[in-house]
Amino acid sequence: MARTVAPVYDPQLIEPKWRAAWKAAGLFTVSEDTAKPKFYNLVMFPYPSGPLHMGHFRNYVIGDAVARYKVMRGFNVLNPFGWDAFGLPAENAAIKSGIHPRISTEANIAVSKHELDIMGVLYAWDREVTTCNEDYYRWTQWLFLTFYEMGLAYKHRAAVNWCPKDNTVLANEQIVNGVCWRCGTKPTKKELEQWFFKITAYAQRLLDDLAKLDRWPERVRVMQANWIGRSEGAELDFPVEGDGSLKVFTTRPDTIFGVTFMVIAPEHPLVETNVTTDRRSDVAAYIEKTKAETEIERLSTEHVKTGVFSGAYAINPFNGERIPIWIADYVLATYGTGAIMGVPGNDARDFEFAKKFRLPIREVVSSTPEPQGYPTAPMELGLAEGYMIDSGPYTGIKSSEAINAIIGEAERRGIGRRTITFRLRDWLISRQRYWGVPIPIVYCAEHGIVPVPKDQLPVRLPAQVEFRSDGQNPLLHTDSFVKTSCPICGKPARRETDTMDTFVDSSWYFLRYTSARETTQPFDKAKADYWMPVDQYTGGVEHAILHLLYSRFFMKVLFDAGMVSVDEPFKALFTQGMIHRNGAVMAKSKGNGIAPDDMVERYGADTGRVYELFIGPPELDAEWNDRGVDGVARFLNRVWRLVVGEEDAAAATVGPGVTQDVLLRKLHETIDKVTRDIDAFRFNTAVAALMELANLMQDYVQGGGPRDEAWETVGRDLTRLMAPFAPHLAEELWHRLGGDSLCAMSPWPVADPALLHRSTVTMVVQVDGRLRDRIDVPAGTDEGEARIRALQSANVERALDGRSVARTVFVADRLINLVTR
RNA sequence: GCGGGCGUAGCCGAAUUGGUACAGGCGCACGGCUUAGGACCGUGUGGCGCAAGCCAUAAGGGUUCGAGUCCCUUCGCCCGCACCA
């Protein structure tokens with residue numbers, strides 16, 4: 001159907017035209033240009049799971065608005081996109097439907113690209129990255145080998161978390177609230193040989209450098225700090241009766257005189273060797289029970305302390321006391337030394353345990369220098385300072401001094417040392433699944449673990465595999481893949497069939513974008529040096545720990561390897577809230593999503609974009625309101641009519657009247673506010689400011705204001721201010737106003753300080769802090785003059801009621817307060 | 001339990017960081033335009049009061065000439081970690 005250019009706002013008609021124009025102009029096609037300041041704008045790349053909905057688009061609309069704004073501000077903007085394309089859902093779907101993950105993934109990518117396109121969200125598609133493609137994953141393998149060479153990738157037999165539903169192991173970070181982060185199944189423990197990345201070697205740096213990230217949300221930094229979980233303290237050796245010793249970790253060595261029992265984890269090696277004969281059966285029963293119950297117990301809100309006496313005793317090296325060794329699952333094998341000294345007088349958990357098993361309770365650190373008597377509840381120490389009581393030679397001194405003295409004594413005697421423990425564990429990266437990056441390792445009977453030489457990469461993921469209903473990794477049963485030869489001796493060897501956690505793929509994709517078509521290395525250092533770090537990273541807070549911590553780790557390793565010149569990848573981070581509709585987060589599974597195609601058809605892309613920016617503070621969750629969308633559509637229509645409308649202004653009713661001065665000042669105030677708001681990610685108030693300007697323009701026209709040159713200036717600047725938010729509309733208006741280049745590539749308006757200045761201001765007059773009147777005075781009126789003017793007010797006179805003014809508080813151009821007391 | 005954050009109209013939310021509380025939008029009311037309209041355009045819209053004015057930012061107290069903003073207490077909500085020694 002042929003359509004003529006209508007005088008009304010018709011998104012259907014204008015939007016495709018301008019999208020084509022941006023592409024033709026290569027809006028985000030960039031190279032390293034040292035003449036301009038660079039700006040690396042990044043949104044978290046998605047897992048292509050199916051069609052996108054408007055909930056997803058909040059992220060992309062924000063990212064697109066920032067990228068467009070920075071272009072107009074004169075930056076050389078890198079604005080890339082890609083696909084986190086390996087992963088379990090596609091493989092699980094393949095098991096059910098028989099459709100190969102590559103087919104479904106590529107189809108999903110095609111759909112998503114279309115949706116991004118029609119919403120006017122534009123990227124540097126010439127740098128597109130797809131993690132499941134050979135040209136990307138060969139470099140993921142390359143980086144794995146580099147980690148291996150650096151001693152940061154290792155294979156280790158350990159009790160790991162196994163998800164019985166997904167048939168794979170899980171990293172510590174992937175257990176959320178005690179269940180699998182993906183499917184919600186309770187994991188079981190399995191003894192397996194697994195590949196790990198040694199992230200713990202970077203624990204201190206990952207913690208310290210959080211301080212550099214002053215443009216990250218506080219919340220995310222705190223979450224990472226807690227996750228890393230640094231504790232300062234000491235390791236102390238307690239001799240065990242008979243032979244050997246028991247090493248414990250404690251943050252409070254000053255409580256050593258309060259030790260009345262020891263506890264070791266059920267997995268502790270001493271369980272094998274030191275349980276006395278008469279206790280064997282009880283201990284065995286307890287261990288069985290904890291193995292079966294561990295995960296369920298952890299989920300219960302009430303952690304009832306359980307445990308069993310081992311029959312063995314340790315000796316307190318500081319007072320020679322004989323201390324029973326217990327086995328209990330409240331002590332974790334994986335933290336510290338897997339053993340603790342029980343100080344029930346000063347620790348709530350030990351107190352609970354001691355009460356249950358009737359063990360002695362002795363307070364040794366008190367909040368006052370005097371003993372408080374038999375403790376009925378532990379004085380919770382944490383990191384608090386106290387005074388030493390009943391502690392031999394240390395009695396009476398401050399606990400902080402005692403900590404140093406006791407560690408010093410232990411070090412002198414060779415039975416302890418100052419140490420630091422982290423909660424962070426090494427990153428378990430192997431997965432027993434097909435749809436991922438093959439770990440480039442070969443097992444040879446003679447040479448053991450042999451890394452595939454880098455020049456033989458990629459280790460190709462075979463396309464032809466049989467998806468099994470038992471959930472076993474298809475690679476295990478693909479002989480053409482498994483059977484290989486040893487890179488060293490050439491004899492028959494077996495390939496590693498585990499693939500890598502997809503979080504490995506996403507830990508370096510932002511580096512690949514800087515030279516996405518590089519064929520000889522993961523990325524070009526010079527280009528990475530030009531673009532890195534990412535200046536603005538925008539995405540969901542659900543990645544606060546996993547992805548963001550892993551990426552920081554990668555960056556530091558690559559920094560140490562000399563491959564990059566900065567050691568933090570993301571300078572500024574913004575985590576946007578989620579969009580809800582009908583009382584639930586917008587999601588495909590909830591059926592409350594809004595398809596971009598429907599949005600575009602009904603309202604046009606720009607209305608959807610502006611609505612998502614206007615919906616509320618971007619860092620907070622927001623409720624989608626269909627009527628709110630109508631409000632934004634009205635606003636865009638109004639802008640259209642004001643800027644290029646055909647309506648005869650003179651026919652309008654005469655309103656209150658707005659002078660040209662007022663209009664121009666409003667324009668410059670709006671330029672100033674919108675600029676500051678975008679810089680501060682306050683898009684909702686930026687849109688509100690644009691609405692205010694449009695409303696004032698409406699008043700101006702209705703009041704009979706002429707559509708002269710000044711009016712056109714206002715229209716042109718409003719158009720440019722709208723461009724990052726409603727780019728298609730802005731482009732069309734720009735064109736109609738006679739712009740010869742693209743609005744998207746025009747310079748951002750600059751507020752004129754002279755026009756921001758008001759010649760008269762409204763000053764608030766208070767009497768004793770209460771608002772009594774407002775007076776219009778020339779800007780810059782001094783206190784004396786303001787006081788005279790204020791005292792002329794009848795309202796002020798009534799409020800003073802004969803009292804005299806003792807003093808005045810004066811805020812220039814804003815307020816004068818007459819104080820009578 | 002520990003840590004982070006929040007509480008403002010009927011609803012979503014503004015408030016220059018201690019200085020006119022409620023911008024902007026939704027909703028609602030009235031009007032206009034329409035054959036009609038759940039469309040579009042305009043005007044109004046915290047509560048009480050005829051008014052002067054008074055009362056209002058979860059509740060209570062404090063600091064200050066002045067508090068939504070700072071400090072204490074209480075209540076409620078959200079998020080993260082959760083037996084980490």
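Letters go in sequence order (proteins before strands), and every chain restarts at 1.
- Residues N684(A) and L771(A) both approach RNA chain B. Their nearest nucleotides, taken by heavy-atom distance, put N684(A) toward the 5′ side.
- Residue contacts for R230(A): at a heavy-atom cut-off of 4.0 Å it reaches no nucleic acid atom on any strand shown.
- Taking atom C1' on both nucleotides, rU57(B) is separated from rU8(B) by 4 Å, rounded to a whole Å.
- With both pairing distances under 3.5 Å, rU43(B) is matched to rA29(B) as a Watson-Crick or G-U wobble pair.
- At the heavy-atom level, V331(A) lies under 4.0 Å from base atoms of the strands shown.
- Residue contacts shown for G229(A) are absent, as no nucleic acid heavy atom lies under 4.0 Å away.
- How far NZ of K289(A) is from OG1 of T306(A): 5.0 Å, rounded to the nearest 0.5 Å.
- Between rA23(B) and T685(A), no contact under 4.0 Å exists linking OP1 or OP2 to a side-chain N or O.
- Counting only heavy atoms from C-beta on, S231(A) has its side chain closest to rA85(B) among rC83(B), rA85(B), rG19(B).
- No more than 12 heavy atoms of other residues, nucleotides or ligands sit less than 6.0 Å from atom CD of E797(A).
- Using C1' as the reference atom, rG27(B) and rA82(B) are 43 Å apart when rounded to the nearest Å.
- Side-chain atoms of R682(A) lie closest to rU17(B) of the nucleotides rG53(B), rU17(B), rC65(B).
- Of the candidate nucleotides rG24(B), rA82(B), rA85(B), rA82(B) has the atom lying nearest to any side-chain atom of W227(A).
- Residue contacts shown for V222(A) are limited to sugar-phosphate atoms, with no base heavy atom under 4.0 Å away.
- When both distances must be under 3.5 Å, the Watson-Crick or G-U wobble mate of rA67(B) does not exist.
- Rounded to whole angstrom, the span from the CG atom of L696(A) across to the P atom of rA23(B) amounts to 15 Å.
- Contact annotation for D768(A): backbone-only contact, meaning every heavy-atom pair under 4.0 Å involves sugar-phosphate atoms and none involves a base.
- Per the geometry, CG belonging to N795(A) stands 11 Å off P belonging to rC54(B), to the nearest Å.
- For F681(A) and F683(A), the gap between ring centers is short of 6.0 Å.
- In terms of heavy atoms, V248(A) sits closest to M262(A) at CG1-CE, 3.6 Å.
- Between R770(A) and rC55(B), a side-chain N or O to OP1/OP2 separation shorter than 4.0 Å is present.
- Checked for salt-bridge contact, R58(A) and D621(A) miss the test: no charged N lies under 4.0 Å from a carboxylate O.
- Residue contacts shown for I615(A) are limited to sugar-phosphate atoms, with no base heavy atom under 4.0 Å away.
- Base pairing annotation: rA58(B) forms a Watson-Crick or G-U wobble pair with rU74(B), both donor-acceptor distances under 3.5 Å.
- Residue R219(A) has its side chain nearest to rG4(B) when only rC65(B), rG4(B), rA23(B) are considered.
- Ring pair F357(A)/F353(A) is tilted by interplanar angle, where 30° to 60° counts as tilted.
- Using Watson-Crick or G-U wobble geometry with both donor-acceptor distances under 3.5 Å, rC81(B) finds its partner in rG1(B).
- Across all strands shown, N695(A) has heavy atoms under 4.0 Å from sugar-phosphate atoms exclusively, and none from any base.
- Within 90° of 0 lies the glycosidic angle of rU17(B), which makes this nucleotide syn.
- rU20(B) atom P lies 14 Å from atom CG of D813(A), rounded to whole Å.
- Checked against a 6.0 Å centroid threshold, the rings of F574(A) and W216(A) do not count as neighbours.
- Listed nucleotides rU20(B), rC65(B), rA85(B) differ in distance to N817(A); the shortest reach to its side chain belongs to rC65(B).
- For R634(A), counting side-chain heavy atoms from C-beta on, the closest listed nucleotide (rC26(B), rG4(B), rA52(B)) is rC26(B).
- Comparing the P positions of rA67(B) and rG76(B) gives an interatomic distance of 28 Å, to the nearest angstrom.
- The aromatic rings of F257(A) and F318(A) sit perpendicular, their planes meeting at an angle over 60°, well past the 30° parallel limit.
- Using C1' as the reference atom, rC71(B) and rU63(B) are 7 Å apart when rounded to the nearest Å.
- For the P atoms, the distance linking rC22(B) with rG46(B) amounts to 10 Å, nearest Å.
- Taking atom CZ on F635(A) and atom C1' on rC41(B), their separation rounds to 17 Å, with Å as the unit.
- Only the C1' atoms considered, rG38(B) is 14 Å distant from rC28(B), to the nearest whole Å.
- Spacing between atom CG of D621(A) and atom C1' of rG5(B) amounts to 13 Å, rounded to whole angstrom units.
- When rounded to the nearest whole Å, the span between NZ of K673(A) and P of rG24(B) equals 12 Å.
- For D699(A), taking side-chain heavy atoms from C-beta onward, the closest of the listed nucleotides rG24(B), rU43(B), rG80(B) is rU43(B).
- Using atom P as the reference point in both rG7(B) and rG68(B), the two lie 14 Å apart (nearest Å).
- R807(A) has a side-chain polar atom (N or O) that falls below the 4.0 Å cut-off from OP1 or OP2 of rC65(B).
- For rG5(B), its base never sits under 3.5 Å from the side chain of E218(A) at any donor and acceptor pair.
- Under the Watson-Crick or G-U wobble criterion, with both distances below 3.5 Å, rU16(B) is left unpaired in every strand shown.
- Proximity of R423(A) to the phosphate of rA82(B): a side-chain N or O atom is located under 4.0 Å from OP1 or OP2.
- Closest contact between the side chain of V809(A) and the listed nucleotides rA85(B), rC65(B), rC41(B) involves rC65(B).
- Among the atoms of the strands shown, only primed sugar atoms or phosphate atoms (P, OP1, OP2) are found under 4.0 Å from some heavy atom of R627(A).
- Whole-Å rounding puts the E267(A) CD to rC83(B) P distance at 14 Å.
- Residue-to-nucleotide contacts include no donor-acceptor pair under 3.5 Å from the side chain of N226(A) to the base of rC81(B).
- Summarising the geometry of P618(A) relative to N684(A), their closest heavy-atom pair is CD-OD1, 4.0 Å, with the distance given to 0.1 Å.
- Nearest-nucleotide positions on RNA chain B place E623(A) closer to the 5' end than the other of E623(A) and R676(A).
- If you take atom P in rG37(B) and the same atom in rG60(B), they sit 48 Å apart, rounded to whole Å.
- Across all strands shown, rU34(B) forms no Watson-Crick or G-U wobble pair with both distances under 3.5 Å.
- The shortest distance between the side-chain N/O atoms of R641(A) and the OP1/OP2 oxygens of rC41(B) is below 4.0 Å.
- Using the six-membered ring where Trp is involved, Y550(A) and W427(A) have ring planes that are parallel, under 30° apart on the 30 and 60° scheme.
- rA9(B) is unpaired under the criterion used here, namely a Watson-Crick or G-U wobble arrangement in which both key atom distances are under 3.5 Å.
- The separation between M691(A) atom CE and rG24(B) atom P is 10 Å, rounded to whole Å.
- Taking a pair to require two hydrogen-bonding distances under 3.5 Å in either a Watson-Crick or a G-U wobble arrangement, rG49(B) remains unpaired.
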